[in-house]
Amino acid sequence: MAAVQDAPVEADNEKEIKTETLNDAAGNHASAAGGVIPSPPVASTSSSGPAKAGGPGSEEQQTLMAVLQFLKKNNFVGAVDVLRREAGILEDSDESQGQELAASALGGAEAGDATCTLSRASSCTTSTPAVAAAPAKGGEDQPDVNVVLSAYSQQGDPALYQGYYSGLKKFVESVLDCHRAELSQLFYPLFVHMYLELVYNNHETEAKAFFEKFSGDQECYYQDDLRVLSGLTKKEHMKGNETLLDFRTSKFVLRISRDSYQLLKRHLQERQNNQIWNIIQEHLYIDIFDGMPRSKSQIDSMSGSLAGEAKREANKAKVFYGLLKEPEIDVPLDDEDEEGENEEGKPKKKKPKKDSMGSKSKKQDPNAPQQNRIPLPELKDSDKLDKIMYMKEATKRIRLGPESLPSICFYTFLNAYQGLTAVDFTDDSSLIAGGFADSTVRVWSVTPKKLRSVKSAADLNLIDKESDDVLERIMDEKSASESKILYGHSGPVYGVSFSPDRNYLLSCSEDGTVRLWSLQTFTCLVGYKGHNYPVWDTQFSPYGYYFISGGHDRVARLWATDHYQPLRMFAGHLADITCTQFHPNSNYVATGSADRTVRLWDILNGNCVRIFTGHKGPIHSLAFSPNGKYLASGATDGRVLLWDIGHGLMIGELKGHTDTVYSLKFSRDGEILASGSMDNTVRLWDSIKAFDDIETDDFTAATGHIHLPENSQELLLGTYMTKSTPVIHLHFTRRNLLLAAGAYNP
Amino acid sequence: MEDEWRPKQCSVLLPTESMKTMAESVGVGQLQEESCVALTEEVSYRIKEIIQDALKFMHHGKRRKLTSNDIDHALKMKNVEPLYGFQSQEFIPFRFASGGGRELHFYEEKEVDLSDIINTPLPRVPLEVSLKASKEQQKTESTEPLKAVKPGQEEEGAIQGKGQGAAATEGKGKEKNVARLKARSTHELSVEQQLYYKEITEACVGSCEAKRAEALQSIATDPGLYQMLPRFSTFISEGVRVNVVQNNLALLIYLMRMVKALMDNPTLYLEKYLHELIPAVVTCIVSKQLCLRPDVDNHWALRDFAARLMAQSCKTFSTTTNNIQSRITKTFTKSLLDDRTQWTTRYGCIAGLSELGPDVIKTLILPRLPVEGARIKAVLEGPVISNIDKIGAEHVQSLLLKHCAGVIAKTRPLPDNLEQYRADYSYLGPLLHSHVVKARAQATLQAQQVNRTTVTITQSRPTLPASQSSLGGTGGSRAPSIIKVPSSLTLMSTRPGTPTQPSPSATKYIVMATSAGAASTQQVITLGASQSSSPVTSTVPSSASAQQPLVKVETAGGGASSVGGSRTLQKYIVVSLPTSSSSSSSSETKSSTTVPSSSASPISAEPTVKTERSESPGASFHGSH
């Protein structure tokens, strides 16, 4: 998508945009029909006040108009028809509406609209910025984009901006303490938009002065964005700068209590401070809640993302975070003991915690999705054998806890001068794959069993297909070695992931492709092309077949191994998608992004069901707890945040790392969270305690305002240092031995 | 949250001069000032944008350092052709130039001759990526992790790894990496120590023999050199590494003497530095080539000397944990058994093994005698292939004879049947036979002489450096091995002898008695700077020295064998006579010491009386005062 704005529009890209738009539209309609909270896309209209009667309905229509116009302009007749039919819009109304839209856009919003937009602000429903981003990026000459840009066309006296800002500052400083923290949230978005307005209207010197005067006041976690902003001093720069496009197209979300909001409103109306009021109306989304104003620490813990906090509505959708029922498998009767263990252990397997929670193993978890909500591949015989192995291993598993920490085995990559960029272990810990900056992927066997490839086709013809050991015979003994190198990518490999059955390996690279490798023949099977830009991460579903990829183009794609085109595209992030992770039940995927948010997507309908804000830097690692209830995320700021998926809440903050957290992993039973970081340490955290501390509070669940324990040190169970090896991957074996990996970095 | 350091973000712009320079470089002269300013802003913005994108690649590459590759990728992402030719892992050296009132930093692109590149040898292939597993084991019942750092104690943990002791104890466990065993802390030396170190090392490898002797003496005796030990050992190992490549025999000898001196120092404990010293010493034993002219230079002596050092360190430091002796033995044996081993290395291996004692000779060398004999025969009696090989074979032969004869004499039951020897040892049989017979005869003779209160010194090569005429830095005259016999006898040491170096003093005299048994004639052996290493012997009344000791030289292999490095077993039997200056009683000094084949005797160049420190029991009872 981002390609479009720099390069001439290509047919391919346009198609992508089309499918995406349709997807979203369709998805929204589906969800609306299903009785879930409706989430109409707001799209580009967000910046232009509705010219006519300002109800949500008309706004939605305008969006559709904008989309239709875009499609028409690009001659997507079919798409126009479909959309029109689905939306039930008549052709002529479309025409007239379109003209109205254009008129309103050109005329710009009038200050007189303030009251009506105000009501909109308080009653507006969830918007999906993704949809806005899609057409907006279509190119600078698109009418829709001009609408967006024109938002800055109305202006006041540039010399007064500093006065406006410092006036507001004075006001906020003068209010009661309880409101001050909440109102301080306004500073950053106002600062950004005022600066951009100045730049847009070619008041360069004023903009510079304004920036220098007030940039120091902003919270330090906006440092990165300010740096981008500081480089931008000309109107021409605003074209093509993605970060700025995001500032303009997506509304910055603030959560403010009703009291504080009234206070602000009164102040601005008294002062006739229309400039600020306009910005608030047009570029900010104020999510007003009833109740106590939040404290500074509460606000700080949630803020930091590129577009402010998540709206409360965004996290209200129901998420089926429970685990799927394990299929029945006939376990061979090795001996009585083992058999008895398996009878109980079978359903337990991935969710031993369920036992303690008292749910019966055979009964369907009320929070679990329908077994066939997402079609999953059928189990093959070899998969069943593996499951049996898994169960046997599981019975020997060590129960971890603060009293019994796991042993750690560190795999150091030596002589990796080319740069190790990604590592993955198979679930049974028999293979290690490493992705390197020299475009190679290397696979090692860490068991005495060597890696062998299948014989060539000619040789395969010669073997006796009826023999019992045919599976053994097809392997070429001569090819046996401890490691294999896979060549194919043309840029650094940023992510690798094994399929659960150990037959395939995925790798994604700077060259924009995701490749599927066979671990039988050690050759590349498919190159999935779709991302035009570097792909930062890819991940196999825990059930195989599906995989997710995300990269610089801000879109996460869901693929199936046998389709060369993506099945779903998850658009919504405002910056690169840096990491991806499948939910253990394979119905959801989580993506972490450089916009400092984590999003949870429903694979079924492509909706974004959770937005987690609170990180202050790009997110580089994600991990689901084995019971599917919790999510942990680690970012460049060195902090690990814990999230309750069901309630959509932040429930913990683990401070300790001093550099980017590149890997996170829960132990097999979920008692321990291990984190590995660029600061050359592995840290172990007591996750049970972290979850228990928070779960009791009902109020927080209702409002989403959490009190995080000040000190996360008591959750830290251990710190283990390497000499000079950044920890870039962690893995718990089936028996709960912790494996870590990284390249020695002298 | 709290206000941090905030850079001045707005005002960072490229200077307009840069624009002008760049414009000129692409052929646009006379750029308007206004366009420069406009360009500056645009270019600065674009550069910032690219760098910000490049940072993403750095983060995803899991690095802390931004590389030129990251910039290339960022450019590629913007559909811009990458900058080719800036591939550098470390940094790109920019050069500074000024002139015409302008200052410039530029990247120097040298013109490279393609044929140069083609002809340069290929660089070494980098090592393949490999995996190493290290484990942090935790007992399930233990209440806290073994090596875990408790919260808040991280700093302590970081220091834990420091120091040798810590490294040794923490070698296992803990997911530390390979380099963990290396000491991280550097010991600071005081200025005085630094000066001392500088002086000593310079003297040790310098040209002045007198200074060297003093320096070595200092190393061997001074307490408190402990701090400098790591430096010394590095100095030696690096020195050997460099000088072996350059075939600088003299320096290698100096360095080995330093090793000897270090070993002699009772206050130093070398065990922790053996990893540096042993490779150096072994190199001097078995290296294929140690000097520029293998046919002329006497590198054999260095091998012998180093072999003795090795044997001594084995004796001193070998334990069941480090297994030095067995490892060394294995190394020697392996290359000895290899058919392709060159004569020089073969010599070194045999010498090294022989020095380890009769048991080693018996088990490892004696069984090899027939094979080696055949090999020697092939060279000596076959068609002449190369002179160097021939010399090598001769040396190996005499070395084998020297060491084996003694062992055989002790272990083999009488009678010595020539035919039997030939059968057992094939080619070397007859020679061995005569040597053994002589050894037996000598043993009996020795026994008698001991009774007759004599001092017997076995000395194989008194004149090691004399053969090295090409040594630089020494003046014209070189009077190598000097046996000075002061009023007290100083010639014995069971420790490795030192190959003496060319000394500035012109001529030295050794007072000796020539014929066996006859203690009447006195002989002065003058060791000149002649090419040959054979001592020039002349019969001169010993007026030079106040003392009149009697030295009996007994050459086991006949007179001829002393030529060419005097490799055969020689015995000096020195009989001290009462002298006028001697304050001791009129009775003869009754001491008798046998120095088992210790090489070029420890000799002091100064005319002053110097008593060689000697801890050997053989020497302890000697000395008249």
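Note that the structure is a prediction, hence the values are computed from the model and not measured. Per chain, numbering begins at 1; letters A, B, ... match sequence-line order.
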Is there a side-chain contact between [X] and [Y] in this structure, where contact means two heavy atoms from C-beta onward sitting under 4.5 Å apart?
X	Y	answer
A:Arg227	B:Lys48	no
A:Glu510	B:Met77	no
A:Leu414	B:Val129	no
A:Thr412	B:Leu131	no
B:Arg63	A:Pro726	no

Given heavy-atom pairs under 4.5 angstrom as the criterion, report whether the side chain, backbone, both or neither of [X] touches chain B.
X	value
A:Pro534	side chain
A:Thr636	side chain
A:Leu739	neither
A:Val493	neither
A:Ala416	both
A:Tyr662	side chain
A:Leu420	backbone

### Message
So for B:Ser130, is it side chain, backbone, both, or neither that comes closer than 4.5 Å to the heavy atoms of chain A?
### Response
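Contact with chain A: backbone and side chain both.
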
### Task
Please flag which part of B:Gln52 lies under 4.5 Å from any non-hydrogen atom of chain A: side chain, backbone, both or neither.
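Looking at B:Gln52, just its side chain touches chain A.
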
### Task
Give a yes or no answer on whether the side chain of A:Asn415 reaches the backbone of B:Glu128 with a donor-acceptor pair at less than 3.5 Å.
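Yes.
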
### Message
Can you classify the ring geometry of A:His620 versus B:His60 as parallel (below 30°), tilted (30 to 60°) or perpendicular (above 60°)?
### Response
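It falls in the tilted class, 30° to 60°.
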
### Message
List the residues meeting side chain to side chain donor-acceptor pair (under 3.5 Å) with B:His59, not counting sequence neighbours, and say none if there are none.
### Response
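Counting only residues at least two positions away or on another chain, B:His59 forms no side chain to side chain donor-acceptor pair (under 3.5 Å).
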
### Inter- and intrachain pairs under salt bridge (Lys or Arg N to Asp or Glu O under 4.0 Å), touching residues 50-60 of chain B, at least two apart
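Matches after skipping sequence neighbours: A:Asp576-B:Lys56, B:Asp53-B:Lys56, B:Asp53-B:Lys78.
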
What's the shortest heavy-atom distance between [X] and [Y], and which atoms?
X	Y	value
B:Lys76	A:Ser490	NZ-O, 4.4 Å
A:Asp659	B:Arg64	OD2-NE, 2.9 Å
B:Ala133	A:Tyr411	CB-CE2, 3.6 Å

